[in-house]
Asks: 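Quick one: the structure is below, questions incoming.
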Amino acid sequence: MSRNLHRRLDAALIVRLVGLCFFVYLFFGFMLLPCLNTLTSIFNTKNAAGERDPFAVIRFFFAGSMGKYVWNSLKLALCLIVTVNVVGVSIVLLTEYFDIKGAKILRLGYMTTMIYSGVALVTGYLFLYAPDGILTSALKNAFPNANANWFSGFNAVLFTMTFACTSNHALFLRNAIRGIDYNTVEAARNMGAKPFKVLLKVVFPTLVPTMFSLTVMTFITGLCAMSAPTLLGYDSINPEIVRLAGSSTADESFPQARAALLSIILAMFTILLLTVLTAYERRGHYLSVSKTKARLQKQKITNPVANVLAHIYAYVLFVIYMTPVVMIVIFSFQTFGAIRMKKLDLTQWTMLNFFGSRDYEYLTSRGTYKLRKGAISGLFANEATLGGIKISFILSLLAAALACVIVVVACNYIFANKKKKSGTVLEYCLLFPWLLPTILICYSYRTYFNAENIWYVGNQNLYYAEGVRLLLVVAYTVVRLPFSLRMVKASFYAIDEELEDAARNLGAGSLRTFLKVKLPIILPSVLAVFALNFNYLFTEYDMSATFASSYGTTYAMVIQAMCAEEGLYGYNVNASGRRCASTVFIMLVSGLILYLVYGVGARDLGERLEARDRRRKRREKWLGRMKRA
């Protein structure tokens, strides 16, 4: 018995040592060293004489136009704090706190940004509001003097991101309002307080911690914006970093060092904000409620004028949220001519944007007709889009699974060593990517691993050829580690320690205890995290654009490139149609995943039994009707 125990302890020790060495290798090689290389590259620039000038980039920053990009990003982030919070708080109050007719339908409309985001969302708004967009063209016809280019630059980015960034409010603030004790609201009403006074004095103070977190998240999102500024023509930090990363010294002065400096500035802002958020959360914000907590009941707006205005405001927001979705779905079944002209033709419907292909004949500049075989092709009949879907699916699947595996193993170690410093160090190491903007991590990988003398990876250039796909998987995984850790760690608190003690008393080792006892308990949460990670990465554009390699062209990049070259020399004639079809495809995939996570997956055992009982009764009722017929 003692010999078997000794062997088991030796095996466990070896596994821990191997795991520790592997983690140290990953942390230093793929988190710390690339970022330090980016930082030191700022001070390794050389002047025209070939001499090293550590402060050349910093002087260029203050003397040149680089400060403009920082200010533009700051301005966008500050304005988004106001607009996103106003709209986000409004949609939650209108659907969860006030008694508004059709609240369930309104909620579905407000949450559409959860099923399509990034490039898909921005292109949806461009489809409506661009100079040749549907609504802009209609406005131009009604008012000939109207400015057709109104949807560009700062105003367009602010408008788009205001409605795109309210999904966090729809998730987190909604839960916070549902957690309010109705007894406190009812007590204030009984003391004569009017509904809006109750809202200001009783409800809002309980939402302050959540609102503060959402404000910080919104600020960071605006500061690190990529898709909207790139597509709408706004000079902010992230698009400039990507542009400089693809430039060379023959084009402009030390572009790589300038990109590194902008990345470090973003990192400094992010670290500062996360430090403030952490300090704020440590202060603790608690609300004293009654012992028997009552569920919040919706409040009626007694003032008839205010009630009418609230309903009008609610449905105006609903129209703004739903119009891009409805138009994209409808036009995805229109011909390429109708889509190009932005004119709806109800007499012509087609599935060509999804399936099949067709030849295209066009008139050349020489006055002759030329035929392009298969120039009109659908989403699932085009080699480029199918290749992008395949690459995005495989890379996202691998990264989502790898992040979950790493986090599950790490959480098991953290909880087993929660009284030791090693567990705390491991947790903070996995949260390290949260301190850095995504663009900094990807840019660091691009510059650090674009060499053949990196012994960490066997002196292989990972940025060359198909190696960039490995970099994308690693970048995807690293970026999703902090989120995965927070979600999976919360599920470990549901494990009863007595179950572990019982397993050990029965002679089970740590590995067997984990596989047979712990994993079945946390598995639903792990699968939910995996689904959300995959959902986020499948339509990802920012990281892929930073690497900018033909071997790492993901789904979002393929669609965007096709639309930029639409109709050129008779190729990609219906790229806009494929873009509409791809947006519908993304919405279906994202909606299915969100339903499985927050719909079916969020039900407890009692709800699942009730749902099964309802299905059984419907089936028996249907069979009874069939027999009688």
Side-chain angles (χ1 to χ4, degrees), residues 113-124 164 226-227 230-231 242 328 332 353-355 377-405 438-439 441-442 445-446 462-463 465-481 483-484 527 529-565 572 575-594 596-597:
T113 53
M114 296 178 61
I115 62 174
Y116 78 123
S117 59
V119 175
L121 185 143
V122 178
T123 52
M226 177 71 179
S227 301
T230 300
L231 299 180
V242 174
I328 286 175
S332 66
N353 295 319
F354 291 91
F355 308 100
S377 57
L379 175 66
F380 300 108
N382 185 277
E383 293 183 3
T385 53
L386 285 176
I389 291 173
K390 180 181 178 181
I391 288 178
S392 291
F393 182 83
I394 294 175
L395 298 186
S396 302
L397 190 70
L398 290 174
L402 189 58
C404 288
V405 170
T438 300
I439 194 74
I441 296 174
C442 295
Y445 283 1
R446 173 172 174 164
L462 295 184
Y463 187 66
E466 294 184 358
V468 73
R469 297 176 183 177
L470 176 61
L471 281 184
L472 272 171
V473 171
V474 175
Y476 284 176
T477 304
V478 169
V479 168
R480 300 305 293 174
L481 282 178
F483 168 80
S484 304
L527 293 177
V529 172
F530 169 79
L532 291 174
N533 285 343
F534 177 82
N535 201 18
Y536 174 86
L537 296 172
F538 182 67
T539 58
E540 194 281 326
Y541 173 80
D542 301 358
M543 288 185 273
S544 306
T546 307
F547 288 103
S549 170
S550 59
Y551 291 92
T553 306
T554 58
Y555 182 30
M557 293 185 67
V558 169
I559 296 298
Q560 187 55 31
M562 283 185 172
C563 292
E565 302 172 356
N572 294 324
S576 295
R578 280 198 299 273
R579 180 173 62 184
C580 293
S582 70
T583 304
V584 174
F585 174 66
I586 290 170
M587 288 192 290
L588 289 175
V589 173
S590 302
L592 176 62
I593 291 174
L594 288 174
L596 294 175
V597 173

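These values consider heavy atoms only, across backbone and side chains, with no hydrogens, waters or symmetry-generated copies.
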Asks: If you define the side chain from C-beta out and look only at heavy atoms, does anything of Leu537 sit under 4.5 Å from Met543?
Replies: yes
Asks: Decide yes or no for Tyr445 and Val474: does some side-chain heavy atom of the first lie under 4.5 Å from some side-chain heavy atom of the second?
Replies: yes
Asks: With side chain to side chain contact (heavy atoms under 4.5 Å, CB included) as the criterion, how do Leu379 and Asn353 come out once you've worked through the C-alpha distance, each side chain's angles and the decisive distance to 0.1 Å?
Replies: CA-CA 6 Å; Leu379 175 66; Asn353 295 319; over 6 Å; no
Asks: Can Leu398 and Leu402 be said to form a side chain to side chain contact (heavy atoms under 4.5 Å, CB included), step by step?
Replies: CA-CA 6 Å; Leu398 290 174; Leu402 189 58; 6.0 Å; no
Asks: For the residue pair Phe393 and Phe538, does the interplanar ring angle fall in the parallel (under 30°), tilted (30 to 60°) or perpendicular (over 60°) class?
Replies: perpendicular
Asks: Side chains of Thr546 and Ile439, heavy atoms from C-beta outward: is any pair under 4.5 Å?
Replies: yes
Asks: CG/Leu481 to CG/Asn533 distance, rounded to the nearest 0.5 angstrom?
Replies: 9.0 Å
Asks: Of all heavy-atom pairs between Gly552 and Met557, which one has the smallest distance, and what is that distance?
Replies: O-SD, 4.2 Å
Asks: Tyr536 versus Tyr476: any side-chain heavy-atom pair under 4.5 Å?
Replies: no
Asks: Enter the distance from Glu466:CD to Leu471:CG here, rounded to the nearest 0.5 Å.
Replies: 13.0 Å
Asks: Taking the side chain from Arg446 and the backbone from Tyr463, do they hold a donor-acceptor pair closer than 3.5 Å?
Replies: no
Asks: Under a 4.5 Å cut-off applied to non-hydrogen side-chain atoms, are Phe547 and Leu472 in contact?
Replies: yes
Asks: Nearest heavy-atom pair of Val242 and Ala545: which atoms, and what distance?
Replies: CG1-O, 3.6 Å
Asks: How long is the span from the CZ atom in Phe530 to the OG atom in Ser484, to the nearest 0.5 Å?
Replies: 11.0 Å
Asks: Would Asp542 and Thr438 count as having a side-chain donor-acceptor pair, cut-off 3.5 Å?
Replies: no
Asks: Please find the pair of heavy atoms, one from Val558 and one from Ala384, that lie closest to each other, and give the distance.
Replies: CG1-O, 3.6 Å
Asks: Please name the residue in the list Ile586, Leu588, Leu592 that meets the side chain to side chain contact (heavy atoms under 4.5 Å, CB included) test with Ser590.
Replies: Ile586
Asks: Would you name the heavy atoms of Thr539 and Ala556 that are closest together and state the gap between them?
Replies: O-CB, 4.0 Å
Asks: Could you tell me whether the side chains of Ser377 and Arg578 share a donor-acceptor contact shorter than 3.5 Å?
Replies: yes
Asks: Do Ile328 and Val584 make a side-chain contact, defined as non-hydrogen atoms from C-beta onward lying under 4.5 Å apart?
Replies: yes
Asks: State the CG-CG distance between Leu462 and Leu470, to the nearest 0.5 angstrom.
Replies: 5.5 Å
Asks: What is the distance from atom CD of Glu540 to atom CG of Leu395, rounded to the nearest 0.5 Å?
Replies: 10.5 Å
Asks: Centre-to-centre under 6.0 Å for Phe585 and Phe380, is that the case here?
Replies: yes
Asks: Checking the side chain of Glu383 only, and the main-chain atoms of Leu386 only, is there a donor and an acceptor separated by less than 3.5 Å?
Replies: no
Asks: Name all residues meeting the side chain to side chain donor-acceptor pair (under 3.5 Å) criterion together with Ser392; count only those two or more places apart in sequence or in a different chain, and write none if there are none.
Replies: none
Asks: From Ser396 OG over to Arg480 CZ, what is the distance, rounded to the nearest 0.5 angstrom?
Replies: 10.5 Å
